[in-house]
Amino acid sequence: MTETATRPAVDAEPREFDMLIGADWVGARSGERFASVNPFTGRVWATAPAAGAADVDAAVTLAGKALDGPWGAMPAAERGRRIRRLGELIAEQAEELAVLESLDNGKLLREMRGQLKALPGWYEYFGGMADKLEGVTPPDPKPNLLVYTRHEPVGVVGLILPWNSPLLILANKLAPGLAAGCMFVIKPAEQTPASVLAFAKLVARAGIPDGVVNVVTGDGRTGQLLTAHPGVAKVSFTGSTASGIKVMKSAADHVARVTLELGGKSPNIVFDDADLEAAANGVVAGIFAAAGQTCVAGSRLLVHRRVHDELVSRIAARARTIRLGDPFGETTEMGPIAFQEQLDKVASYVDIATAEGASVVTGGKRPDSPELARGFFFEPTILADVDNSMRIAQEEVFGPVLAVIPFDDEESAVTIANDIPFGLGAGIWTDNVRRAHRVAHRVKAGSVWVNEYRLTSYSVPFGGFKQSGIGRENGMDAVREYTETKSVWVNLSDDTRDPFVLG
Ligand code: NAD
């Protein structure tokens, strides 16, 4: 992996990307395109086709046909080999893919490099599962019958992605879905089409037949066309809860299956017996890494009143030294917010919070530095005097804004943690092992970290309670989310039975 990434000159002509439908790299039939803005320079750096109904229909139709071709006939072990080969190709192409993601969403190149380095693991792990999807032969339910089950691919899956980590989120879905033998139409976010389109070039090189993986680009309207298409058997969506509700309603019209990975407002709970240095570091990682633009951002700090002031002053001291700057810089710690509307949303939540009575400990505004003026930067922000009923405590900001809420005992910490419509992640900071497990069992969240924060792996189930989602990604069971179970009943008897009696 080379360390010398270069950004296109700010006045360079935007790069033009096409989308993948079947074997062809094409523009939209309407000829329409949309722009991707680099969040550091504030300039358009790329364009991609704005797919309409005819484009989505072509992609879904070709994906459906792929099951009748070599993909459907391929032995599972061979499918697995090609999925693992895709992982190897990602490793070879990692630097280019990391650069494209950073150009699109402004996240630190070194974070994207780290993600890309981990990504082949998903294709290796799930590729290895392709030939282990075994059915069962239930003990004879009745005399003279053989019954067995098969796990068949669910069919064409629409994958709809957000902008914050396109290729990682894609891997959560595509790797197990390919192992199950499904076909895909992927719709990346309108802010970040580039890395997914570059990745799609690797699919054919891995020997995965044409039509199995298609990419259509566009905004929520393209996503809506995909979820509404009757040829789509399942939608796997990652994005905001508001969009997830629309996706679920649209999929319900033709009873498509859904997996939803949605928003969060995750608590980091710090008890008075915690190692405060470690906790402060974990809280900073939870909310300021990736400028808070992660679904599991620890955006609520619940802290025991006895250690409140000390912890807040440690976190504030660290927040004030966070180096904002060029996402390509090796020493930059926080890049810009991904796009202008998101920046405006982050700023508006600080206003909402202060109007509700919160006080700004640090940050709360755009940085003054002229070098950062063109980019969509916002200072790492800590808000104290927050009550859990305030909007800043109840609604997802998706930016570098921490709401600090004091508590008096374990019971009230759990109550506050759970008094929220979301349930994605939670951190527990304590040296008391009994309390750690007690609280971990009572917090309603899909992932709980004890004296840690924001870890994920292909082998560990991930997903949300409540309005944070439906279904789980990663782990052994993820492949099953892309299958239908079929029961086959075979009559072994030579007799004919009474046709008017249920067998
Ligand atoms: P978003 O909901 O605005 O958009 C996500 C995707 O949905 C985009 O591709 C968009 O074009 C598409 N879309 C929008 N409206 C649609 C519709 N009606 N039908 C079909 N598709 C539609 O979300 P975002 O701003 O891109 O991403 C940030 C959100 O994603 C945050 O809420 C964050 O918590 C969540 N997220 C969740 C996870 C997770 O695993 N739970 C991971 C990352 C991000």
Side-chain angles (χ1 to χ4, degrees), residues 34 36 39 48 50-51 56 101 104-107 115 158-173 185-193 195-196 215-229 232 235-253 256 258-266 286-287 290-299 337-346 349 395-399 420-425 445-447 454 456 460-474 478:
F34 64 92
S36 174
V56 171
E101 288 221 334
D104 255 352
N105 67 11
K107 282 174 80 171
Q115 272 190 14
L159 302 184
I160 301 181
L161 309 176
W163 42 266
N164 60 333
S165 291
L167 289 178
L168 178 64
I169 290 167
L170 176 61
N172 291 343
K173 304 175 188 306
V185 179
I186 305 168
K187 210 294 285 173
E190 54 272 37
Q191 299 84 2
T192 53
S195 62
V196 173
V215 185
V216 293
T217 46
D219 61 16
R221 288 168 295 184
T222 308
Q224 214 284 323
L225 289 166
L226 185 57
T227 61
H229 197 293
V232 170
V235 179
S236 180
F237 171 86
T238 298
S240 64
T241 296
S243 302
I245 291 168
K246 290 185 193 156
V247 166
M248 196 171 172
K249 286 182 175 165
S250 172
D253 282 341
V258 288
T259 297
L260 303 175
E261 296 289 350
L262 308 177
K265 192 77 191 179
S266 302
I287 187 64
Q293 302 171 108
T294 70
C295 50
V296 292
S299 49
I337 303 292
F339 52 104
Q340 180 70 54
E341 294 82 355
Q342 185 62 21
L343 173 65
D344 296 344
K345 178 180 166 192
V346 172
Y349 266 104
E395 296 174 19
E396 186 182 43
V397 175
F398 219 60
I420 191 94
F422 299 109
L424 197 56
S447 297
R454 205 175 161 240
T456 59
V460 182
F462 179 86
F465 281 42
K466 301 194 260 183
Q467 292 182 26
S468 288
I470 294 179
R472 292 290 178 273
E473 297 189 319
N474 300 330

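Remember, it's 1-based here, ligands and their atoms both numbered in the order they're listed.
- A side-chain N or O of S36 and one of D104 form a donor-acceptor pair less than 3.5 Å apart.
- Between the side chains of K173 and T238, at least one donor-acceptor pair of N or O atoms lies under 3.5 Å.
- Sorted by chain and number, the heavy-atom contacts of ligand 1 below 4.0 Å come from I160, L161, P162, W163, N164, I169, K187, P188, A189, E190, D219, G220, G223, Q224, F237, T238, G239, S240, S243, K246, V247, E261, L262, G263, C295, E396, F398, L424, F462.
- With sequence neighbours left out, F34 forms a ring-ring contact (aromatic ring centres under 6.0 Å, His included) with no residue at all.
- Taking each heavy atom of T192 and W163 in turn, the nearest pair found is OG1-CA, 3.3 Å.
- Residues T222 and K187 bring no donor and acceptor atom of their side chains to less than 3.5 Å of each other.
- No more than 12 heavy atoms of other residues, nucleotides or ligands shown are found within 6.0 angstrom of NZ on K246.
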